[in-house]
Q: 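One structure, pasted below without further comment.
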Amino acid sequence: MSIVPINEQRDSDFDPSLALDLWDPFTDFPFPFPSSLSNVFRELNLGSSVNSRLDWRETRNAHILKAALPAFMNEDVLVELQDERVLQISTDSGSFMTKFKLPENAKIEQLKAFMSNGVLTVTVPKEEPSRPNIRAIEISGED
């Protein structure tokens with residue numbers, strides 16, 4: 001199986017505008033659908049997507065996510081923590097967006113983000129594993 005980016009043309013006869021020519025069941029439907037859904041998809045600008053690399057690594061003390069976002073400054077990148085422990089990373093321009101569900105052992109209140117040279121590093125400390133509460137019980141009896 002291979003994945004071919006939409007922005008690259010393998011065949012000179014390929015027309016990307018035809019790739020979004022979807023069947024629209026609402027084309028002849030009266031109000032409240034004044035415009036066809038296909039027109040919405042056709043207006044998307046697919047040439048503005050960002051080619052990025054993401055690495056998620058778990059260390060003994062933290063979860064570390066690194067995202068290569070070339071040509072973006074830290075004021076162009078948004079890092080948001082949403083409901084249900086979802087971490088969203090996106091750009092102001094809308095050309096990049098990804099979401100991750102953070103593990104249960106992540107200390108979300110201590111999440112930190114740092115960006116340098118187009119590489120965003122998000123660090124989420126981990127909770128220490130709970131240790132079992134073990135207590136020695138004295139045994140009484142006759143010897």
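Quick note: numbers below take in every heavy atom, side chains included, and nothing from hydrogens, waters or symmetry partners.
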Q: Report the C-alpha distance between T98 and I89 in whole Å, list the side-chain angles of each, state the deciding distance to 0.1 Å, and finish with yes or no for side chain to side chain contact (heavy atoms under 4.5 Å, CB included).
A: CA-CA 5 Å; T98 188; I89 300 170; 4.1 Å; yes

Q: Got a second to check how far N61's CG is from K107's NZ, nearest 0.5 Å?
A: 9.0 Å

Q: Look up atom NZ in K112 and atom OG1 in T121, then write down how far apart they are to the nearest 0.5 Å.
A: 13.0 Å

Q: Taking all heavy atoms of L102 and all of A106, pick out the closest pair and write down the distance.
A: CB-CB, 4.3 Å

Q: Any ion pair linking D55 and R57 (charged N to carboxylate O, less than 4.0 Å)?
A: no

Q: Consider only side-chain heavy atoms of I, L, V, M, F, W and Y, link residues closer than 4.5 Å, and tell whether V124 and L81 are in one cluster.
A: yes

Q: Give a yes or no on whether M97 and V77 share a hydrophobic cluster (residues Ile, Leu, Val, Met, Phe, Trp, Tyr; joining criterion: side-chain heavy atoms under 4.5 Å apart).
A: no

Q: Give me the atom names and distance for the closest heavy-atom approach of S52 to A67.
A: OG-C, 4.5 Å

Q: Enumerate the ring-ring contact (aromatic ring centres under 6.0 Å, His included) contacts for residues 104-124, please, sequence neighbours excluded, ordered by first and then second residue.
A: none

Q: Can you find a heavy atom in the side chain of R53 that is under 4.5 Å from one in the side chain of V119?
A: no

Q: Distance check, rounded to the nearest 0.5 Å: L69 atom CG versus N117 atom CG?
A: 12.5 Å

Q: Run the side chain to side chain contact (heavy atoms under 4.5 Å, CB included) test against P70 and tell me which residues pass, sequence neighbours left out.
A: none

Q: Check the surroundings of atom NZ in K101: do more than 12 heavy atoms from other residues, nucleotides or ligands lie under 6.0 Å from it?
A: yes

Q: Answer yes if L87 and L54 sit in the same cluster of Ile, Leu, Val, Met, Phe, Trp and Tyr residues linked by side chain heavy atoms under 4.5 Å apart, and no otherwise.
A: yes

Q: Judged by atom type as modelled, is there a donor-acceptor pair below 3.5 Å linking the side chain of K126 to the main-chain atoms of T59?
A: yes

Q: Within a radius of less than 6.0 Å around CD of E128, do more than 12 heavy atoms belonging to other residues, nucleotides or ligands occur?
A: no

Q: Linking I/L/V/M/F/W/Y whenever their side-chain heavy atoms sit closer than 4.5 Å, directly or via other members, would I64 and F100 fall into one cluster?
A: no

Q: Restricting to non-hydrogen atoms, name the atom on P125 and the atom on L111 that form the minimum distance, rounded to 0.1 Å.
A: CD-N, 4.4 Å

Q: For the pair R85 (side chain) and E104 (backbone), establish whether a donor and an acceptor sit closer than 3.5 Å, ignoring hydrogens and angles.
A: yes

Q: Hey, are the side chains of L120 and K66 touching, using non-hydrogen atoms and a 4.5 Å cut-off?
A: no

Q: Can you tell me how far the CZ atom of R135 sits from the CG atom of N133, to the nearest 0.5 Å?
A: 8.0 Å

Q: Give me each pair satisfying ring-ring contact (aromatic ring centres under 6.0 Å, His included) with a member in residues 58-85, each pair once, sequence neighbours excluded.
A: W56-H63

